[in-house]
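Here is how names work: the chains are called A, B, and so on, in the same order as the sequence lines, proteins then strands, and each is numbered from 1.
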Protein chains: 2
Amino acid sequence: MIIRIEPDSDIPIYEQLSNQIIEGIARGVIQPGDSLPSVRAFASDLGVNMHTVNKSYHLLEKKGIIKIVPKSGAIISSPQDFNQSSLDRLKDEYMPLIAESLVVGMSQKQILELVSIIINDIKKN
Amino acid sequence: MIIRIEPDSDIPIYEQLSNQIIEGIARGVIQPGDSLPSVRAFASDLGVNMHTVNKSYHLLEKKGIIKIVPKSGAIISSPQDFNQSSLDRLKDEYMPLIAESLVVGMSQKQILELVSIIINDIKKN
DNA sequence: CATCTGTTCTATTGTTTCTAGAACAATAAC
DNA sequence: GTTATTGTTCTAGAAACAATAGAACAGATG
């Protein structure tokens, strides 16, 4: 799995990493049951600090996407295990983005099309 | 227009304010051509610092949503004035959210439904 | 036993966020 | 024309966050 970190981005490194891991799962590059590299190995690969990777893992665990088994590894959870709070959080995160899309002049159709394009782009992998 | 600021949120105040202004425009509570309160008056209303409101205004201007006319006020732009860079930025922001939705187990249909619900919720105002 | 694992602790550095106060120049109001 | 208001700019400080670094621990794996 190829991870691309941009140190000068306004998005924190630990968030970039979390997002790309999520994208990797969505694309099927990583699958439920698979385990992520150790925080040390991953940090070494990416050229970042161990604690930064650790923070990413804990963010993913908070989102319910992986399970960190101490002294063993970080394992991708099954989609079945998602809960209502994840849905509520996602809705809150969609709202400002959709509002901005409307304000910027996009129609409902255009927004749904954009979302469809992104979904299909992910799925065809 | 009612603005609700949560000082203890993990979302910065200036971003909360920007988001709610955007939502207000999307809902039609504020319209293109309308002007926003002065940074001082708004800050006083909200109980925050003038510079925080100022930062919100500049974020909105960067997004192409308002135009700050020095010594005059901040005016809501028309939707026609949006540009390609806004679209690119929005696409980048949709991506991680959609990927997470898929990972968490939502189907394409469910995602499109959620987006539709949010759009209609905004539009019916 | 030795290694590797995630965890925890202290520490430092730089950035961001928020508040604060003051001053400036141009516009608007009277 | 004077006054008040406007957004802008500057310095400054506090607090939180982001990222790095090094060390140590205890449990699992080989």
Side-chain angles (χ1 to χ4, degrees), chain A residues 1 3-22 30 33-77 89 93 96, chain B residues 1 3-22 30 33-77 89 93 96:
Chain A
M1 161 146 209
I3 302 286
R4 210 173 299 274
I5 297 297
E6 295 179 26
D8 292 341
S9 167
D10 47 349
I11 301 169
I13 297 176
Y14 75 94
E15 217 176 311
Q16 292 182 47
L17 180 55
S18 297
N19 283 343
Q20 290 185 44
I21 291 172
I22 291 173
I30 326 170
D34 287 356
S35 57
L36 295 172
S38 77
V39 288
R40 282 177 178 84
F42 214 170
S44 170
D45 274 4
L46 299 172
V48 301
N49 193 274
M50 170 194 70
H51 298 93
T52 306
V53 176
N54 199 39
K55 191 164 184 179
S56 286
Y57 281 12
H58 280 275
L59 178 58
L60 289 172
E61 192 180 39
K62 191 181 153 201
K63 285 174 185 266
I65 293 170
I66 67 173
K67 234 179 206 167
I68 300 175
V69 185
K71 332 295 174 195
S72 166
I75 294 142
I76 316 294
S77 300
R89 186 171 41 73
E93 287 174 19
Chain B
M1 162 143 210
I3 302 285
R4 211 173 298 273
I5 298 296
E6 295 179 26
D8 292 341
S9 167
D10 48 348
I11 301 168
I13 297 176
Y14 76 94
E15 216 175 312
Q16 291 181 48
L17 180 54
S18 297
N19 282 344
Q20 290 185 46
I21 291 172
I22 291 173
I30 326 171
D34 287 355
S35 58
L36 296 172
S38 77
V39 288
R40 282 179 178 83
F42 214 170
S44 170
D45 274 6
L46 298 173
V48 301
N49 193 274
M50 172 194 70
H51 298 93
T52 306
V53 177
N54 199 40
K55 191 163 185 179
S56 285
Y57 281 12
H58 280 275
L59 178 57
L60 289 172
E61 192 180 39
K62 192 181 154 201
K63 285 174 185 260
I65 293 171
I66 67 172
K67 235 179 206 166
I68 300 175
V69 185
K71 333 293 175 198
S72 167
I75 295 143
I76 314 294
S77 300
R89 187 171 40 73
E93 288 173 19

Answer yes or no: is there a side-chain heavy-atom contact under 4.5 Å between Ile21(B) and Leu36(B)? yes
Check Ile30(A) against Ile76(A) and note the closest heavy-atom contact, atom names and distance. CG2-CG1, 3.9 Å
Closest heavy-atom contact between Gly33(A) and Ile75(A)? O-CG2, 3.7 Å
Could you tell me whether the side chain of Leu46(B) reaches within less than 4.5 Å of the side chain of Ile3(B), counting heavy atoms only? yes
With the sugar-phosphate defined as primed atoms, P, OP1 and OP2, and the base as all remaining atoms, what B/S/- string results for nucleotides 20-30 of chain C, 5' to 3', for protein heavy atoms under 4.0 Å? BBBB-BSS---
Among dT17(C), dG7(D), dT8(D), which nucleotide sits nearest the side chain of Ser38(B)? dG7(D)
4.5 Å side-chain heavy-atom contact, His58(B) and Glu61(B): yes
Selection: residues 8-16 of chain A, any non-hydrogen atom under 4.0 Å of DNA chain D: Pro12(A), Ile13(A), Tyr14(A)
Can you give me the closest heavy-atom contact between Ser9(B) and Gln16(B), atom names plus distance? CB-NE2, 3.4 Å
So which heavy atom on Arg4(B) is nearest to which on Gln20(B), and how close? O-NE2, 2.5 Å
End-to-end bend of the helix from dG6(C)-dC25(D) to dC30(C)-dG1(D) (five-pair axes, 10° rounding)? 40°
Minimum heavy-atom separation for Pro37(B) and Tyr57(B), please, with both atom names. O-OH, 2.6 Å
Residue pair Glu15(B) / Leu59(B): nearest heavy atoms and the distance that separates them: CG-CD2, 4.5 Å
For Leu17(A) and dT20(D), give me the distance from atom CG to atom C1', rounded to whole Å. 16 Å
Keeping Ser18(B) on the side-chain end and Tyr14(B) on the backbone end, is there a donor-acceptor pair under 3.5 Å? yes
